[in-house]
Amino acid sequence: MQRIGVFVCWCGSNIAGTVDVVKVAEALKNEPGVVHSANYQYMCSQAGQELIKQAIKEHNLTGIVVCSCSPRMHEQTFRKTAAAAGLNPYMVEIANIREQCSWIHKDMAEGTEKAIVLGRTAIAKVNLNAPLTPGESPVTKRALVIGGGIAGIQTALDIADAGFEVDIVEKKPTIGGKMAQIDKTFPTLDCAACILTPKMVDVAQHEKIKIYSYSEVVDVKGFVGNFDVTIKRKARYVKEDVCTGCGLCTEKCPMKKVPNDFNLGMDNKRAIYIPFAQAVPKVATIDADYCNMLKNGKCGVCAKVCTANAIDYTQKDEFVEEKYGAIVAATGFNPISMDKFDEYAYSQSKDVITSLEFERLMNAAGPTAGKLLRPSDGKHPHTLVFVQCVGSRCASCAEKGKEYCSKICCMYTAKHAMLTRDKYPDTDVYVFYIDVRTPGKQFDEFYRRAVEEYGVHYIKGMVGKVSPEGEKLIVQGSDLIANKQLKIEADLVVLAAAIEPDKSARPLATMLTASMDTNDFFTEAHPKLRPVESPTAGVFLSGACQGPKDFPETVSQAGAAASKVIGLLSKDKLTGNPCVAHSDEMMCNGCSSCEKVCPYGAITYADKEFRGPNRTTLIRRVAQVNEAICQGCGCCTVACPSGAMDLKGFASKQIMAEVDAICK
Amino acid sequence: MENKQNVCNEIIRRSGVNPRKCMKCGKCSGTCPAYDEMEYHPHQFVYMVETGDIEPLLKSKSIYRCLSCFACIDRCPRGVEPAKIVEAVRLEVVRQQGNNHLKPNDLPEMLDVDLPQQAIVSAFRKYTK
Amino acid sequence: MKVSYFPGCTLKTKAKELDIYARRSAEALGVTLEEIENWQCCGGVFTTSNDEIATKLSSIRALKAAGDKGQPLVSVCSACHNVLKQTNAQFNNDADFAFRVNNYVKPDEYNGETKVIHYLELLRDVVGFDKIKEKVVNPLTGKKIAAYYGCLLLRPGKVMAMDDVENPTIMEDFIRAIGGEPVIYAYRNECCGGYITMESKELAAAKSKKVSENAKEKGAELIVTACPLCKYNLDKHAEDIPVVYITELLAEALGVKE
């Protein structure tokens with residue numbers, strides 16, 4: 001028989017406000033096995049933990065139940081407390097009477113009654129608990145960073161500087177991401193390329209960093225410390241280690257009409273290309289959709305002009321398998337499609353552009369060499385209208401826009417407006433806004449400068465319709481402060497499109513078994529206290545894949561993710577989770593049901609000798625669980641027809657005892 | 001005061017619109033094709049009903065200027081549906097005895113030989129009860 | 001195949017072309033429009049207020065009549081289609097409304113299952129624009145045609161669900177199918193002024209003028225519409241550009257106009 005102690009936490013008024021904690025402690029005192037019951041204001045505090053430790057010693061407790069918040073919050077805390085008092089940490093059970101009880105009930109009597117049931121349930125379980133000892137597993141001292149934008153770059157550099165090997169997988173031919181496309185950065189207006197490209201070079205030259213460009217992660221197996229990852233290296237038809245990046249092929253290729261995605265399709269590139277001058281690796285790539293040689297065998301110009309003999313039309317996709325101890329998702333963001341917002345006439349006029357397209361138009365390396373010219377006719381625009389919140393804060397239709405604030409648009413629009421007025425004082429610049437959101441160091445000062453020093457016209461209101469008429473774009477919108485409907489004859493309209501996670505994030509999350517929110521942003525393990533970790537052990541989050549972010553925030557988060565990775569890789573061994581499956585060999589009939597459902601490949605079979613009747617021996621095939629790989633999901637225990645498979649810490653009889661306790 | 005609130009509650013109920021969803025972006029009024037003909041504009045209808053400031057709306061000719069084109073309904077980023085509020089305010093007026101905005105006697109003057117029946121029945125539906 | 005057909009008042013009087021050519025063209029495409037018996041005026045506009053019952057009963061009866069035959073309910077007039085479809089949606093989404101409506105129409109209760117489709121949807125989804133293309137004998141080759149959707153065909157988008165509200169393609173695809181060249185212009189889904197023409201000719205004129213000016217400016221020689229009131233407003237108040245019904249153009253292309 002266990003000697004169980006029950007500890008009911010008030011959590012200030014969080015629990016005590018809706019649950020009569022004294023009554024709960026009293027009621028649970030009479031449950032089987034309970035020898036001690038107490039309540040306290042903050043059980044997780046130093047004093048609260050001391051209370052538990054003393055009780056364990058004083059009453060020779062063999063198990064404890066803490067009625068408090070979610071086990072996700074403090075299970076670890078109380079396990080440590082128990083261990084400090086000499087009790088096996090797996091003899092601790094948490095009854096969640098906060099999130100699942102006091103926070104969702106209003107009635108004291110109801111809340112109290114439910115808290116008693118939850119406590120009783122945990123007691124029933126702990127009565128059947130057995131001490132468990134976790135195993136250990138080794139750590140592969142190498143990290144994988146998925147995504148080579150500024151988030152991935154910073155994370156990789158920080159990990160590598162700590163002395164660990166890092167691989168970056170980037171799906172595009174070059175690292176650099178969105179920051180490489182951007183002209184200047186707010187609020188200091190320093191040139192994005194000038195601060196990004198040195199970092200790209202650092203990555204390329206770092207002896208601990210390897211870049212898999214033009215590559216994608218296609219499979220992830222294993223667990224924290226021991227991931228097995230398959231990387232697809234897409235055929236670029238150029239030998240990466242031979243190409244010198246001289247660029248001659250990109251000038252001689254006769255296929256000139258390939259939309260240049262780096263400039264968002266506003267100009268053309270060749271079928272063999274280097275995305276931009278500072279690309280890393282600086283290696284040419286052939287676009288197989290446009291290359292005549294690959295399509296019909298007629299051309300071969302690039303191979304002829306290449307003095308390094310780097311062109312290889314026969315190249316195939318390659319698959320590389322690599323081991324990692326930690327994985328960082330840094331898959332970034334994209335502006336949403338403007339297809340569903342044609343009231344702004346994006347599909348009707350080339351002179352209605354997105355803010356990212358505007359960045360390219362202002363960029364010295366962009367399609368207009370940095371001159372602000374209208375895409376339709378190359379004329380200098382005199383009246384510009386910026387529209388904020390296009391698709392952001394849009395709750396009416398999920399397939400259309402995003403309910404969240406995209407966070408970066410207010411500041412980059414202020415930057416665009418200011419830069420326009422600075423370079424072209426002959427322009428009139430209007431910004432339609434719902435709210436101007438500038439929480440950040442020097443942010444509001446920046447926005448005010450756009451208004452006060454540069455004379456940008458900020459209009460509180462939204463644009464309802466943009467109509468291309470003649471050479472003009474008639475922008476009809478409301479000015480809520482003047483109580484007027486405005487019709488502005490504009491030359492260029494710039495839409496601050498909402499941002500969304502990159503489309504590659506969702507399939508990646510599935511591979512990593514990392515959770516996501518409904519918007520496909522990766523979910524953090526705790527929104528305040530563990531913001532750069534995924535709830536999946538060994539998976540970390542860097543940059544806008546976790547939520548909209550500007551550069552300073554992205555870089556800080558990238559560094560934070562790196563430090564978490566370094567902390568993990570610094571360990572030689574990882575303590576595993578002892579709550580794993582195990583098979584009762586006497587009952588196992590070797591049917592393979594468990595093996596088929598195991599998502600981790602943790603189950604193998606062995607032939608074992610058993611004593612048969614009349615001193616004979618039998619050889620039987622039985623299941624064996626690799627405890628280092630098993631994650632304790634419990635699929636096998638449900639699939640097993642003979643009841644041989646069970647989960648330590650969550651044994652079937654424990655679950656049944658819990659159900660019985662609830663139904664009592 | 002109490003009566004004003006009752007009228008607003010009735011309008012909210014009848015329209016099925018929750019004015020609290022409005023984030024005051026003004027896109028409805030930026031969209032409205034009848035804006036210049038209105039004394040009070042779509043976003044003001046939503047705000048005034050929300051705050052109980054209903055009398056000016058009941059007296060205003062603005063309620064007869066909405067074209068029921070539903071553009072504000074489709075373009076509102078928050079799904080507020082201002083046109084339904086305008087309609088509910090108009091019904092509050094025309095449903096009262098003697099408050100028909102369009103009188104049958106006015107009709108002959110409005111007709112011309114090409115005018116489709118659709119225009120007449122629509123106007124009667126909108127302006128009278 | 002046979003479908004139930006709700007012509008509407010205007011199609012029996014001022015917009016006879018819209019009706020006659022709709023029937024003839026459909027017949028040529030293998031679809032018979034069976035006019036439902038004893039239909040009543042749809043009311044021209046849908047009252048969005050959720051406490052109105054009486055004004056929606058004629059729609060319910062029409063929906064019920066089509067449903068009894070197991071046919072979809074087709075109309076050509078944008079206004080009729082809008083009222084029928086919105087009433088149907090309210091019936092299906094508002095149980096209280098459905099209950100009260102069926103109390104009125106007892107013992108002829110409606111079950112909510114009738115599908116409401118516009119003539120254009122019939123062409124796109126049932127006949128298919130490819131098939132229409134094959135049947136065209138007088139293609140409108142090179143003719144620059146501006147589709148005028150107006151409001152009622154598309155909005156509210158969630159209910160009408162015919163096409164993208166801001167960037168529709170159904171009429172443009174229709175124009176292509178009969179050999180014409182569609183002209184895209186911003187005002188194709190802006191209001192013509194509608195019934196305001198009764199008491200403010202000026203407002204209707206201003207709205208219609210914008211539509212036709214914008215279409216002409218983008219190179220249109222012709223405007224097509226499915227709505228008699230749109231056609232009236234454009235004809236009456238707007239620029240010098242012909243406005244014709246979709247069905248008339250279709251009949252011409254199919255060689256069944258005369």
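Convention: sequence-line order gives letters A, B, ...; per-chain numbering from 1. Predicted, not measured: the structure shown is a model, and the values here were computed from it.
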Check against side chain to side chain contact (heavy atoms under 4.5 Å, CB included), A:Met462 and B:Lys24: CA-CA 9 Å; A:Met462 219 17 200; B:Lys24 282 92 182 164; over 6 Å; no

Portion of B:Cys25 that has a non-hydrogen atom of chain A nearer than 4.5 angstrom: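 Both backbone and side chain.
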
Contacting region of B:Glu81 [heavy-atom separation from chain A under 4.5 Å]: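 When you check distances to chain A, no heavy atom of B:Glu81 falls under 4.5 Å.
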
Does atom [atom1] of [X] have more than 12 heavy-atom neighbours from other groups under 6.0 Å away?
X: B:Lys129; atom1: NZ; value: yes
X: B:Tyr47; atom1: OH; value: no
X: A:Lys549; atom1: NZ; value: yes
X: A:Arg448; atom1: CZ; value: yes
X: A:Lys441; atom1: NZ; value: no

Flag side-chain contact, heavy atom, 4.5 Å: A:Lys487 against B:Asp36: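 In contact.
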
B:Met38 side chain near A:Gln485 side chain, heavy-atom distance below 4.5 Å: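 Of all side-chain heavy-atom pairs linking A:Gln485 with B:Met38, none is under 4.5 Å.
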
For B:Asp74 against A:Lys400, the heavy-atom pair lying closest together: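 Result for this residue pair: O-NZ, 3.6 Å.
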
Stepwise side chain to side chain contact (heavy atoms under 4.5 Å, CB included) test for B:Lys27 and A:Glu343: CA-CA 11 Å; B:Lys27 194 168 178 183; A:Glu343 63 264 40; 2.7 Å; yes

Donor-acceptor contact present, side-chain A:Ser478 to main-chain B:Gly26, <3.5 Å: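 Checking the backbone N and O of B:Gly26 against the side chain of A:Ser478, a donor-acceptor pair under 3.5 Å is found.
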
Region of A:Asn483 that comes under 4.5 Å of a non-hydrogen atom in chain B: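 For A:Asn483, backbone and side chain are both near chain B.
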
Worked verdict on B:Arg75 versus A:Lys465 for side chain to side chain contact (heavy atoms under 4.5 Å, CB included): CA-CA 9 Å; B:Arg75 290 180 190 155; A:Lys465 179 92 180 176; 3.8 Å; yes

